Amino acid sequence: METKEAWHLTLVVFICWLAVFVRADAEDDIAFSAGESDTTKFGQAKSVRYLLYDVNPGEGFNLRRDVYMRVTNLVKELNKEEPWVLVLPPWGRLYHWKSPDLEQIKIPWSTFFDLPSLREHVPVIEFEEYLKLRGEPVIDEVYYLQGFKGGWTKWEEKMNITECNEGTGFVQDEEGNWYSWFFGYEEVYAKKFACLSYMGHATFIKPFLLKNTIGRCVMLPRAEVLLHDHFGNSEYWKARRSMVFAKHLRDIGDEFRRENLDSTDPEDKTELEDWTKMKRNHGDALGGPYVGVHLRRRDYLYAREGNLPSLKGAAKQIKKILKKYNLQKVFVATDAPSEEFEEFKNYFKKSKVYRFVPSKEIKEKYKDGGVAIIDQWIAAHARYFVGSYESTFSFRIQEEREILGFDPDMTFNRLCPDNDSDCEKPSIWKIVY
Ligand code: GFB
């Protein structure tokens, strides 16, 4: 790589880092300050370190978004001591992303999320940016997180470098370098690899990273093992609020709302602001004149058997909601095959039922993940939302609606199974600023 380019990228990363933490300092009384009288806790010349992570290959898109939040808050904590940048693991090879003819690996985060918004929370860079900066495809140290062998009877925070419990997918060559599925980048290798048995919150690993690792880039595969430090507090919500969807996806969703659902932000009172300034009260948002439904199907029918309605049963419940709120339109976010959607639609004689069907161009550009986000965005703007039992896809829509300022009664609802019309409502996780 050109030295000039590398220097330029280093500068960009450093400025991003500085911007986030000078600002965070003002907000949160964090140890680092660029002020004149308050000298930094660490030497000016201390070079930036990088944290990269990955998640169990079996996990879906929306649980991965949750793991991101845990890791960002760890990075935020690390930055109280020394400069760390989070390297965003490229998207790809997800179990559910099966659209034919689409190459779905090495997808950068900017396809789905607004990077400047993420950077208002912690410094982040794409994996490819990291590779350019580094100049060689190397990760210095990998700690493969795993549970303690034999499970646990008493919960206590502990960690230990141990033997690996299972096949990790990492193999060592004759020169001692480690290879694995590094997001489809075959040239990437790690210099050091170990398994780390772990039970604890995300920041419990902070002293280990600061004191027991020296490499510039440390990777933590299976980062879902790290638990949220505080689920649902203001730090949780800061991380969540920073995960603003990419503008190109929001624009597509907004156009669909305008053209089909008579829904615009000024009328619906759902205008988005810079997340660091946006503060809504419950009930501020009205939402578009439609019911938003997340109708999870496919593998979920087996995984959550007994907790989902039939298509007919779902239609019956939605008709009741339409009547109660005097609405005529339904937007359905669903992974259902088209025959199932047609069947569902046919249960409605008077109301109009919509689904977002992407053009070939949208699909090629933004992939299954982008289409899923467009669905979430449209469903999040409905006057009333009803989701599927314990689906992380539904949870993320509910959070989006908390950010927009909906009344929780219009958000925390689920479709009941046919034999239990009065099923338990989902837990209410209200936004905390
Ligand atoms: O996000 P997700 O993991 O939530 O859903 P769950 C799985 C994937 O299914 C999404 C597709 O990433 C989408 O690709 N999908 C689901 C949808 N609903 C929709 C939708 O309304 N519109 C679009 N466009 N796509 C869990 C999984 O799924 O279900 C677990 O995370 C496991 O791995 C379990 O499979 C059974 O929490 O619903």
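Just so it is clear, the structure is predicted and the values come from calculations on it, not from any experiment. In each ligand, atom 1 is the first atom listed, and ligand 1 is the first ligand listed.
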Task: SB check Lys80 Glu77 (cutoff 4.0 Å) - done: yes
- [ ] Specify the protein heavy atom at minimum distance from atom 18 (N) of ligand 1: its residue, its atom name, and the distance to 0.1 Å.
- [x] His294 NE2, 3.0 Å
Task: Protein heavy-atom partner closest to atom 26 (C) of ligand 1 - residue, atom, separation in Å - done: Arg296 NH2, 3.5 Å
Task: Atom indices of ligand 1 within 4.0 angstrom of Asp299 heavy atoms, with elements - done: 32 (C), 35 (O), 36 (C)
Task: Arg65 bridged to Glu399 by N-O distance under 4.0 Å - done: no
Open item on the list: I need the contact type for Thr392 against ligand 1. Using non-hydrogen atoms and a strict under-4.0 Å cut-off, is it side chain, backbone, both or neither?
Closed with: both
Task: Asp229 side-chain N/O to Thr203 backbone N/O, donor-acceptor pair under 3.5 Å - done: yes
Task: ligand 1 atoms in contact with Thr334 (distance to a heavy atom under 4.0 Å) - done: 19 (C), 20 (C), 21 (O), 22 (N), 23 (C)
- [ ] Considering only non-hydrogen protein atoms, determine which one is nearest to atom 12 (O) of ligand 1 and report residue, atom name and distance to 0.1 Å.
- [x] Phe61 CB, 3.2 Å
- [ ] Would you mind listing which atoms of ligand 1 come within a distance below 4.0 Å of any non-hydrogen atom of Ala333?
- [x] 20 (C), 21 (O)
Task: Electrostatic pair Glu273-Arg280, nearest N-O below 4.0 angstrom - done: yes
Task: Minimum-distance protein heavy atom relative to atom 11 (C) of ligand 1 - done: Asp335 CB, 4.1 Å
- [ ] Could you tell me whether some N/O pair between Tyr300 and ligand 1 is separated by less than 3.5 angstrom?
- [x] no
Task: Between Ser388 and Arg296: side-chain donor-acceptor atoms closer than 3.5 Å - done: no
- [ ] Please report which non-hydrogen protein atom sits nearest to atom 1 (O) of ligand 1, along with the residue it belongs to and the distance in Å to one decimal place.
- [x] Asn62 ND2, 2.5 Å
Open item on the list: Please identify which of these residues, Asp268, Asp262, Asp375, meets the salt bridge (Lys or Arg N to Asp or Glu O under 4.0 Å) condition with Arg257.
Closed with: Asp268
Task: Donor-acceptor pair, side chain of Asn73 and main chain of Glu235, under 3.5 angstrom - done: yes
TODO: Check Ala303 against ligand 1 and report side chain, backbone, both or neither, counting heavy atoms closer than 4.0 Å.
DONE: side chain
Task: Atoms of ligand 1 close to Gly60 [distance to a heavy atom under 4.0 angstrom, numbered from 1] - done: 3 (O), 31 (O), 33 (O)
Task: Location of contacts on Arg396 toward ligand 1, heavy atoms closer than 4.0 Å - done: neither
Open item on the list: Which residue and atom name correspond to the protein heavy atom nearest atom 23 (C) of ligand 1, and how close is it?
Closed with: Asp375 OD2, 3.4 Å
TODO: Please name all residues satisfying side chain to side chain contact (heavy atoms under 4.5 Å, CB included) with Glu103, sequence neighbours left out, ordered by chain then number.
DONE: Ile105
Open item on the list: By the definition salt bridge (Lys or Arg N to Asp or Glu O under 4.0 Å), identify the one residue from Glu157, Glu82, Glu81 that meets it with Lys206.
Closed with: Glu81
TODO: Just grab all the disulfide (SG to SG under 2.5 Å) pairs involving residues 382-433, residues at least two apart or on different chains.
DONE: Cys416-Cys423
Open item on the list: Whether Arg134 and Asp140 form a salt bridge (side-chain N of Lys/Arg under 4.0 Å from carboxylate O of Asp/Glu) is what I want to check.
Closed with: yes
Task: Contact partition for Trp97 relative to ligand 1, non-hydrogen atoms under 4.0 Å - done: side chain
- [ ] Considering only non-hydrogen protein atoms, determine which one is nearest to atom 30 (C) of ligand 1 and report residue, atom name and distance to 0.1 Å.
- [x] His96 CE1, 4.0 Å
Open item on the list: Tell me the protein heavy atom at minimum distance from atom 10 (C) of ligand 1, and give that distance in Å.
Closed with: Phe393 CD1, 4.2 Å
Open item on the list: Give the atom numbers and elements of ligand 1 that come within less than 4.0 Å of a heavy atom of Gly58.
Closed with: 33 (O)
